[in-house]
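Input: a single structure, listed below in structure tokens.
Here, residue 1 is the first one in the sequence, and each next residue gets the next number. The figures here come from the full heavy-atom set of this structure, side chains too, leaving out hydrogens, waters and symmetry mates.
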Amino acid sequence: MTKKIETDVLIIGSGPAGYTAAIYAARANLKPHLISGIQPGGQLTITTDVENYPGYGDVIQGPWLMEQMKIQAENVGTQIHNDIITEVNFKNNPFIAYTDSGSQFISKTVIISTGAQAKWLQINGEEKYKGYGISACATCDGFFFKDKEVAVIGGGNTAAEEALFLTNFAKKVNLIHRRDSLRSEKILQDRLFNNSKINILWNKKVIEFQGKNDPLILEKLILEDTINNQKTNLSVSGAFIAIGHNPSTELFIDKIKMDKDNYIITQPDSTETSIKGIFAAGDVKDKIYRQAVTAAGMGCMAALEAEKYLSNS
């Protein structure tokens with residue numbers, strides 16, 4: 001028998017945006033229900049040291065931070081469900097969401113905070129050294145490679161921006177690109193070419209990551225020339241994968257307005273989507289900043305906007 005749950009606020013996703021939205025909605029006595037999704041806690045659960053989240057004088061761990069957010073959301077009254085939304089019906093209000101376990105949520109408002117996932121290379125050693133030299137966020141982890149040699153893999157705007165940012169810390173940044181020209185904007189290319197710390201390796205692709213086991217740490221990349229297939233080694237302390245992100249919006253395709261990259265479109269200075277009563281917060285709509293603190297801020301906005309929407313309904 002299908003379990004039907006009615007709520008004023010349904011939050012889909014459990015990263016910083018989702019948990020913050022839950023905290024604010026619960027404190028407004030909206031009794032929110034949050035569906036944690038396939039990766040409870042979001043991308044921070046695969047991040048080790050976090051040094052840029054405000055309020056902590058010492059380095060904290062990503063999984064610990066998300067666990068604290070979860071506990072806070074529960075303590076103020078959020079009901080958290082370890083489940084996955086498999087289908088939504090946004091045609092009419094109240095909105096309906098169906099879960100993998102067979103539950104049916106009927107809600108007056110929805111806050112979408114399903115986040116985004118970095119694109120990975122899917123090669124040998126990548127999974128092993130994630131968080132131990134391999135990262136997908138220079139802004140998050142660049143500081144840990146002060147005065148060390150690192151690599152950035154990619155050729156678009158993201159790769160160019162990551163490489164330039166890393167020059168603030170690393171002694172040398174190797175930008176590895178499988179082609180002989182970059183896809184990034186001309187202004188970014190000019191900055192790359194004029195930066196003495198950046199070395200561009202053209203027509204190269206990474207085919208394997210290697211390092212130590214005890215302690216677990218990345219030491220080198222195995223490169224293959226895309227023209228002659230010649231293999232070379234590159235010794236680095238860190239590698240940043242910068243081949244883009246995919247927003248986790250498959251569930252909402254053709255259900256809500258998105259841009260060409262499937263990021264949810266919201267109104268200016270708002271989290272309101274193309275459907276009244278549905279809001280989007282965090283990386284699911286943000287392709288520029290992608291930080292825990294900005295996601296949390298948008299979660300707060302979404303909850304406040306949902307509260308205002310409900311009070312005016």
Side-chain angles (χ1 to χ4, degrees), residues 1-46 62-118 127 246-256 258 262 264 271 273 275 277-285 295-296 298-299 302-303 306-307 309-310:
M1 183 176 176
T2 300
K3 181 181 180 182
K4 294 186 178 182
I5 300 169
E6 296 186 8
T7 179
D8 284 341
V9 181
L10 176 66
I11 300 167
I12 305 175
S14 57
Y19 283 143
T20 305
I23 291 165
Y24 275 80
R27 285 174 56 83
N29 200 33
L30 298 177
K31 299 179 174 60
H33 287 255
L34 182 148
I35 313 299
S36 60
I38 198 167
Q39 187 180 18
Q43 294 182 72
L44 272 184
T45 59
I46 58 170
W64 177 85
L65 177 60
M66 299 319 300
E67 182 64 22
Q68 293 301 303
M69 287 191 186
K70 177 185 177 183
I71 292 170
Q72 186 177 5
E74 289 178 316
N75 285 347
V76 292
T78 303
Q79 292 193 51
I80 296 178
H81 306 264
N82 292 318
D83 209 342
I84 300 169
I85 300 291
T86 56
E87 185 182 350
V88 293
N89 184 340
F90 291 163
K91 291 181 179 178
N92 298 295
N93 192 327
F95 309 110
I96 304 174
Y98 305 88
T99 74
D100 185 60
S101 68
S103 296
Q104 182 176 317
F105 286 84
I106 302 166
S107 61
K108 296 177 183 177
T109 64
V110 175
I111 296 175
I112 300 171
S113 55
T114 47
Q117 298 293 327
E127 194 65 34
N246 287 321
S248 301
T249 55
E250 297 90 347
L251 186 64
F252 312 109
I253 292 174
D254 297 327
K255 306 279 179 68
I256 204 164
M258 302 181 189
N262 288 334
I264 295 175
T271 63
T273 69
I275 300 175
I278 299 180
F279 308 88
D283 289 10
V284 77
K285 60 144 288 182
M298 281 184 274
E307 179 187 16
Y309 172 85
L310 290 166

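- Of all the heavy atoms in P32 and A25, the pair that sits closest is CG-CB, 3.8 Å.
- For the side-chain contact (heavy atoms from CB on, under 4.5 Å) with S113, the lone residue among T271, V284, I11 that qualifies is I11.
- The structure places CG of N93 at 4.5 Å from OH of Y309, a figure rounded to the nearest 0.5 Å.
- Distance check, rounded to the nearest 0.5 Å: CD1 of I23 to CG of L34 gives 10.0 Å.
- In terms of heavy-atom proximity, T109 sits nearest to A306 at OG1-CB, 4.1 Å.
- When atom types are taken as modelled, the side chain of Q117 and the backbone of S248 share no donor-acceptor pair closer than 3.5 angstrom.
- Across all their heavy atoms, P40 and T45 have their closest contact at O-CG2, 3.2 Å.
- Closest heavy-atom contact between A97 and V88: CB-CG1, 4.1 Å.
- Not counting sequence neighbours, the partners of E6 by the side-chain contact (heavy atoms from CB on, under 4.5 Å) test are I106.
- Just one residue in the list I84, D83, T114 forms a side-chain contact (heavy atoms from CB on, under 4.5 Å) with I35, and that residue is D83.
- Residues T86 and D100 bring no donor and acceptor atom of their side chains to less than 3.5 Å of each other.
- Among all heavy-atom pairs drawn from G299 and A281, the shortest one is N-CB, 3.8 Å.
- Residues I256 and T249 form no side-chain contact, since every pair of their non-hydrogen atoms from C-beta on lies 4.5 Å or further apart.
- One finds the CD1 atom of I264 at 9.0 Å from the CD1 atom of I278 (value rounded to the nearest 0.5 Å).
- Rounded to the nearest 0.5 Å, atoms OG1 (T78) and CG (L30) are 10.0 Å apart.
- Atoms OG and NE2, on S107 and H33 in that order, are 10.0 Å from each other to the nearest 0.5 Å.
- Residue pairs satisfying the side chain to side chain donor-acceptor pair (under 3.5 Å) criterion with at least one member in residues 7-19, sequence neighbours excluded, are listed as follows: D8-K108.
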### Task
Test side-chain contact (heavy atoms from CB on, under 4.5 Å) on L310 and V9 and set out the steps.
CA-CA 9 Å; L310 290 166; V9 181; 4.0 Å; yes
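- The aromatic rings of F252 and F90 sit parallel, their planes meeting at an angle under 30°, below the 60° perpendicular limit.
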Check residues 64-77 and write down every donor-acceptor pair under 3.5 Å in which the side-chain atom is one partner and the other belongs to a residue at least two apart or another chain.
{"from": "N75", "atom 1": "ND2", "to": "I71", "atom 2": "O", "distance (Å)": "3.4"}

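- A perpendicular orientation is assigned to the rings of H81 and F105, their planes being inclined by more than 60° (bins at 30° and 60°).
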